[in-house]
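Written out below as structure tokens is the structure these notes cover.
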Number of protein chains: 4
Amino acid sequence: MEQPRSSGADSGDGAADDPRAGGRGKAPRTERGRRTLRKLLDAAAVEFGEHGFHEASISAITRRAGTALGSFYTYFDSKEEIFQALVRYMSEQLRDHVTPIVQAAPDEIAAEHAGLHSFLGFVREHKEIYRIIDEAEFVDYASYRRHYETTVERMRQRLAAGAARGEIRPDAGEVHAWAIAGMNVFLGMRYGLWDADADIDAVARIANDLLANGLAKKG
Amino acid sequence: MEQPRSSGADSGDGAADDPRAGGRGKAPRTERGRRTLRKLLDAAAVEFGEHGFHEASISAITRRAGTALGSFYTYFDSKEEIFQALVRYMSEQLRDHVTPIVQAAPDEIAAEHAGLHSFLGFVREHKEIYRIIDEAEFVDYASYRRHYETTVERMRQRLAAGAARGEIRPDAGEVHAWAIAGMNVFLGMRYGLWDADADIDAVARIANDLLANGLAKKG
Amino acid sequence: MEQPRSSGADSGDGAADDPRAGGRGKAPRTERGRRTLRKLLDAAAVEFGEHGFHEASISAITRRAGTALGSFYTYFDSKEEIFQALVRYMSEQLRDHVTPIVQAAPDEIAAEHAGLHSFLGFVREHKEIYRIIDEAEFVDYASYRRHYETTVERMRQRLAAGAARGEIRPDAGEVHAWAIAGMNVFLGMRYGLWDADADIDAVARIANDLLANGLAKKG
Amino acid sequence: MEQPRSSGADSGDGAADDPRAGGRGKAPRTERGRRTLRKLLDAAAVEFGEHGFHEASISAITRRAGTALGSFYTYFDSKEEIFQALVRYMSEQLRDHVTPIVQAAPDEIAAEHAGLHSFLGFVREHKEIYRIIDEAEFVDYASYRRHYETTVERMRQRLAAGAARGEIRPDAGEVHAWAIAGMNVFLGMRYGLWDADADIDAVARIANDLLANGLAKKG
DNA sequence: AATGAATGAGAATTCATTCAT
DNA sequence: GATGAATGAATTCTCATTCAT
């Protein structure tokens with residue numbers, strides 16, 4: 001079965017510092033323009049997060065941004081384009097939130113614990129980011145795949161490094177990485193997104209223990 | 001953050017087997033009507049699977065079904081309603097495919113292996129089902145939650161039973177169930193949906209081993 | 001210099017009887033539909049004739065036709081499409097008006113006289129037709145060329161027949177036909193369109209005499 | 001039937017040679033300004049010639065001219081105004097090309113031959129000029145009429161002079177002039193614009209012979 | 001029940017023109 | 001004068017839903 005969904009252009013890897021810079025929309029050349037572009041992106045994040053891609057309208061975005069409708073098209077060619085820019089931006093924000101915490105962990109098992117824990121916290125704080133990335137599956141399939149493939153690849157490398165250091169089983173590979181990613185995402189949805197009162201610490205602990213020791217009964 | 005997405009009315013639980021029952025369009029009274037309803041559901045499954053909810057149009061569905069546009073409203077009140085009916089139907093199909101296989105397993109670890117394996121096979125055979133259920137997150141949130149909550153609850157009960165039988169760790173609970181579900185779904189996406197050539201047997205084996213024994217290095 | 005104007009599909013030669021039938025828009029299948037289609041075409045003729053293609057709006061057309069805006073799209077895919085249908089229709093109307101008159105003429109010189117005379121009368125009665133066909137040069141180039149190439153070709157055949165019958169110079173050919181056509185069109189514009197009081201009979205007589213005898217001074 | 005098309009203000013007659021004069025944008029006072037104005041006019045000629053008035057955009061013109069969008073309005077009040085300036089300018093260019101050639105002819109018949117011949121050559125060299133003038137019928141009706149009325153009036157005076165000199169029939173008048181103009185324009189379109197390979201010399205010869213001697217069969 | 005035409009609210013998008021720098 | 005961002009009216013087109021037959 002084919003998949004003729006919109007995919008959008010893959011505009012390279014994005015500049016490093018200001019994630020809203022190069023590659024997204026038409027770059028503003030004045031300070032005023034830069035301000036407007038930022039207002040639009042912020043407004044779009046809120047609109048898409050609250051109403052989803054299809055219910056969000058460009059006029060609602062510009063209304064929220066406090067700009068004229070036409071100004072949107074100064075920076076983006078379409079609703080799809082700003083969505084794509086947003087997915088990339090949020091994917092980077094998530095990575096920037098999680099990465100340092102993970103890297104500070106003493107070993108690989110602890111790293112995965114830290115990763116899940118910080119992810120759960122992030123989801124709870126930024127529900128709209130979770131939503132936007134998830135909806136990309138149906139709006140901008142290429143961005144969606146890029147996000148998860150990138151994320152999982154980072155995780156796979158961590159596993160490989162941990163295995164090399166002898167911290168975890170030596171055969172840990174891609175399948176394990178996808179499995180862990182899926183676990184994290186579902187726990188994020190269930191306990192970060194749906195259940196405002198869930199004990200995130202406990203969830204992360206339980207899941208990490210499952211990961212570390214599996215289901216098998218201990219002697 | 002609010003969640004004001006359209007969610008559709010949750011029309012009770014509807015009997016499982018009779019396709020004329022609640023949740024699947026207005027019951028037709030003649031044989032001819034029953035045929036039309038079935039044609040519409042089949043056509044909608046293909047359309048939604050191929051183009052997604054928003055790109056699919058009622059007229060495309062009726063065109064594919066070979067019925068008049070107006071006939072659609074003889075059986076469904078809205079586009080959302082047929083989507084909802086479909087989600088429920090596919091959720092049941094998936095369950096009906098997996099359940100007997102899982103139940104035939106000798107113990108809980110084997111059951112989870114069988115569950116993942118049959119899920120991977122099912123996804124590969126019925127990609128549109130995966131898509132429709134997943135898109136429900138953005139079209140009919142209630143159906144989406146119902147599907148996963150039901151699915152995970154079944155899994156939790158299995159874990160509890162397995163624990164009671166002493167096959168797995170005694171503390172296996174809801175968090176474990178969500179973790180396993182997420183793992184399965186992501187592996188289904190990655191290896192069932194995206195990668196037509198993946199070795200599904202190997203994937204299921206690796207994942208089940210992770211589940212059974214965890215990441216920790218074995219003596 | 002290229003000519004990337006819209007040209008529209010050339011949908012064959014058009015059915016014979018009802019010029020609004022086959023080939024244009026989506027054919028209505030009910031009597032009611034046929035009425036609506038006709039109302040739209042009539043309204044479009046008036047709008048395009050009065051305001052030109054670009055100033056005319058689809059909503060103005062449907063308002064004048066007394067239909068809903070959306071009904072337009074039941075029969076036409078775009079403003080260009082109805083314009084194209086109209087050009088063809090008007091080209092045929094003009095031909096149907098002129099042809100029998102020309103054919104009744106006793107010889108070729110008289111035929112050209114009758115042709116110009118009836119054309120002048122037609123332009124004066126149906127200014128909007130003249131406008132629509134002329135504007136096609138900038139809206140639907142293919143239709144424009146088709147109209148004139150068809151018209152001139154008919155004229156060329158008349159000249160050839162007249163020459164064969166020995167009524168006019170034997171070398172009369174394509175260039176003569178284009179020359180006569182241009183003459184007719186400009187006289188139509190100047191005396192049919194611009195000058196409501198012009199003596200059309202006199203104009204036709206003078207032009208036909210020029211055609212018949214040229215500029216050269218008579219003995 | 002009314003004729004409420006936009007026609008633009010007819011800003012007097014404007015001197016002929018100085019491009020800074022009336023009708024061609026607001027007079028720049030510096031050399032730099034004069035250069036910008038010229039660049040805009042050149043760019044507009046190409047854009048209008050290639051895409052027509054409605055498809056051409058101010059931003060495309062300024063982009064091509066290498067100026068800022070806003071600079072356009074330093075020199076012109078509107079899109080219509082630059083179009084009007086262009087029509088006048090091109091009308092003059094055409095006249096300046098044809099007039100000396102016509103005036104060098106020994107008699108009136110030869111003059112019309114030279115006129116058509118040089119017109120055909122000019123059209124082939126400057127297709128965009130033909131297009132712009134022709135489109136004026138639908139953009140700036142006043143300019144369009146002025147162009148043809150002026151052109152035909154010049155021709156009428158030539159005919160009158162030729163008749164006075166006894167070179168052609170004494171009754172040659174306005175109708176003849178419009179007829180000849182139409183002939184020329186259509187031959188220009190057919191053989192100058194559409195048919196890049198046409199033998200322009202032959203066309204001019206055939207048409208001039210028609211003009212000189214008419215259709216009637218010679219003894 | 002079936003048919004297919006009619007409806008109209010709603011959305012995206014364009015671009016001439018204005019304005020602040 | 002030059003620049004380029006901002007503006008917003010206007011337009012086309014879509015499509016779920018309703019209705020007359």
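In what follows, every heavy atom counts, from backbone to side chain, and hydrogens, waters and symmetry copies are set aside. By convention in this document, chain letters (A, B, ...) are assigned in the order of the sequence lines, proteins followed by strands, and residues within each chain are numbered from 1.
- For R63(A), the side chain to side chain donor-acceptor pair (under 3.5 Å) test picks out S59(A), with sequence neighbours left out.
- Side chains of L41(B) and F76(B) form a contact here, defined as non-hydrogen atoms less than 4.5 Å apart.
- For Y144(B), the ring pair (Phe, Tyr, Trp, His ring centres under 6.0 Å) criterion is met by Y148(B), not counting sequence neighbours.
- On the nucleic acid side, DNA chain F has its first and last nucleotide under 4.0 Å of a heavy atom of chain B at dA16(F) to dT18(F), going 5' to 3'.
- Atoms NE2 (H51(D)) and P (dT14(E)) sit 15 Å apart, rounded to a whole Å.
- Among residues two or more places apart in sequence or in another chain, the side chain to side chain contact (heavy atoms under 4.5 Å, CB included) test is passed with T30(C) by R32(C).
- Judged by closest nucleotide on DNA chain F, T30(A) is the one of K79(C) and T30(A) placed further toward the 5' end.
- For the pair R131(C) and E128(C), the salt-bridge criterion is not met [side-chain N within less than 4.0 Å of a carboxylate O].
- Comparing R32(D) and S57(B) by the nucleotide of DNA chain F whose heavy atom lies nearest to each, the residue mapping closer to the 5' end is R32(D).
- Here Y75(B) does not reach the OP1 or OP2 of dA1(E): none of its side-chain N or O atoms lies under 4.0 Å away.
- Residue pairs meeting the salt bridge (Lys or Arg N to Asp or Glu O under 4.0 Å) criterion with at least one partner in residues 65-75 of chain B, sequence neighbours excluded, do not occur; the list is empty.
- In this structure, A136(C) and V87(C) approach most closely via the heavy-atom pair CB-CG2, 3.9 Å.
- Counting to the nearest Å, the P atom of dA12(E) and the CZ atom of F83(A) are 14 Å from each other.
- Looking at residues two or more places apart in sequence or on another chain, you find a ring pair (Phe, Tyr, Trp, His ring centres under 6.0 Å) between F83(C) and F48(C), F53(C).
- Residues forming a side chain to side chain contact (heavy atoms under 4.5 Å, CB included) with A43(C) (at least two apart in sequence, or on another chain): I61(C), R64(C), A65(C).
- With the nearest nucleotide of DNA chain E identified for both S71(A) and S59(A), S59(A) has the one nearer the 5' end.
- A56(B) comes within 4.0 angstrom of the backbone, heavy atoms only, and of no base.
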Fill in the blank from the handout: Base-pair string, DNA chain F, Watson-Crick plus G-U, cut-off 3.5 Å on both distances, | for inter-strand, is .||||||||||||||||||||
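- Between G33(B) and E55(A), it is G33(B) whose nearest contact on DNA chain E lies nearer the 5' terminus.
- Distance I58(D) CD1 to dT14(E) P: 17 Å, rounded to the nearest Å.
- Interface residues of residues 63-70 of chain C facing DNA chain F, ordered by number: L69(C); criterion, heavy-atom separation under 4.0 Å.
- Residues meeting the side chain to side chain donor-acceptor pair (under 3.5 Å) test with D42(B), sequence neighbours left out: none.
- A pairwise comparison of heavy atoms in M90(D) and A45(D) identifies CE-CB, 3.9 Å as the closest pair.
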